[in-house]
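In what follows, a single structure is set out as structure tokens and then discussed.
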Amino acid sequence: MAPTGSRTGRPTLAVVGATGAVGTVMLQILSQHADIWGEIRLIASPRSAGRKLAVRGEEVEVVALSEEAFDGVHVAMFDVPDDVSAQWAPIAAAKGAVVVDNSGAFRMDPDVPLVVPEINPHAARVRPRGIISNPNCTTLSMIVALGALHAEFGLRELVVSSYQAVSGAGRAGVDTLRRQMSLVAGTELGTSPGDVRRAVGDQTGPFPEPVALNVVPWAGSLAEDGWSSEEMKVRNESRKILGLPNLKVAVTCVRVPVVTTHSLTVHARFQDEVTVAKAREILATAPGVVLFDNPAAGEFPTPADVVGTDPTWVGRVRRALDDSTALELFVCGDNLRKGAALNTAQIAELVAAEIIGA
Ligand code: 2RA
């Protein structure tokens, strides 16, 4: 085993970005999961240094991001903007930490594995740069269910629409929705063109349009030919995780007035004929997936019930009417948990098991 954690002989974990929306959930998850870590060091921008945050029932003081902050760290979970990860993840790795990074900085780097423990846990062991990437929350909100179906039927094509929660855009996204909701609550707005826009004003936060009483067909930045960066992430990451470099993928990303939990409609076409009975059997038994699908009883997943839970929830399972090789699904996943903090923690736990067993 590599050098051990200073307090208990177990690996030392650093949480970089501990004060953000995802960092907060990371600390909750670390407090709920089996206590495998020695020291848990909380790292954030110098602005947050000195704050105390609760983890494992103890108050821990946040230290400022610096090279020394990684002294003796075995595993570092990063949830910071792309440019901060691009600069600091290699520094942490050079100091001997295995970095599990939730930014977009390294996801498509061929020398950085992109890992979902239910699908490709083996990939986490091959990390030439000492960095493992965590997928984007939109990809993660559907990919566990699709990985299970792919293993049985052989995936050929995906056509996806997302219904993304505002917390995907961080605390600013949540603050924006709450502020706009307070401005439109109890009014008759939403009945004439532009009335919502006039009520909420120019402060649309991280979104290009008002999000209260609205849906916004946009997430991320402008990529080539009218696609958004978010849509390209879902395509490229799905291909990499599933090991299907030529998978056909068409995605439209939409922001909806939901605080937390991304939803997606998925049209998935496979190599062979599918049956709903077999698909249901796979989804009902796949690790990390809950099948909740009884429309006759009004039972299907919705963000209001899925938020705060770990699994990928699947409902509305149907065979395509015009293609016996395709399934239609409605999928929900908490974008801050499995979509970010949970998957990152699961990868870190895989690495810890490797370190402890070495
Ligand atoms: C979003 N998927 O929902 C992004 C965050 N990573 O905006």
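Order of listing sets the numbers, starting from 1, for every ligand and every atom in it.
- The ligand atoms of ligand 1 that sit less than 4.0 angstrom from a heavy atom of His262 are 3 (O).
- Remark: ligand 1 atoms within the under-4.0 Å shell around heavy atoms of Thr138 are 2 (N).
- Here the side chains of Glu68 and Asp71 are in contact, with some heavy-atom distance below 4.5 Å.
- Each of the atoms 2 (N), 4 (C), 5 (C), 6 (N) of ligand 1 lies under 4.0 Å from some heavy atom of Asn136.
- Counting heavy atoms closer than 4.0 Å to ligand 1, residue Glu230 contributes side-chain atoms (C-beta onward) but none from N, CA, C or O.
- Side-chain atoms of Ser162 and Thr138 include no donor-acceptor pair closer than 3.5 Å.
- For atom 7 (O) of ligand 1, the closest non-hydrogen atom on the protein side is Arg255 NH2, 2.7 Å.
- A salt bridge links Arg269 with Glu157: at least one charged nitrogen is closer than 4.0 Å to a carboxylate oxygen.
- Per-residue contacts place Gln164 under 4.0 angstrom from the following atoms of ligand 1 (heavy atoms of the residue considered): 1 (C), 2 (N), 3 (O).
- If you check the side chains of Glu273 and Thr325, you find no donor sitting under 3.5 Å from an acceptor.
- No salt bridge links Lys95 with Glu67; every basic N to acidic carboxylate O contact stays at or beyond 4.0 Å.
- Checking only distances, Gly168 does come within under 3.5 Å of ligand 1, N or O to N or O.
- Side-chain contact check for Gln203 and Gln180: no donor-acceptor pair (N or O, by modelled atom type) lies under 3.5 Å.
- Using a 4.0 Å heavy-atom cutoff, Cys137 is listed among the residues neighbouring ligand 1.
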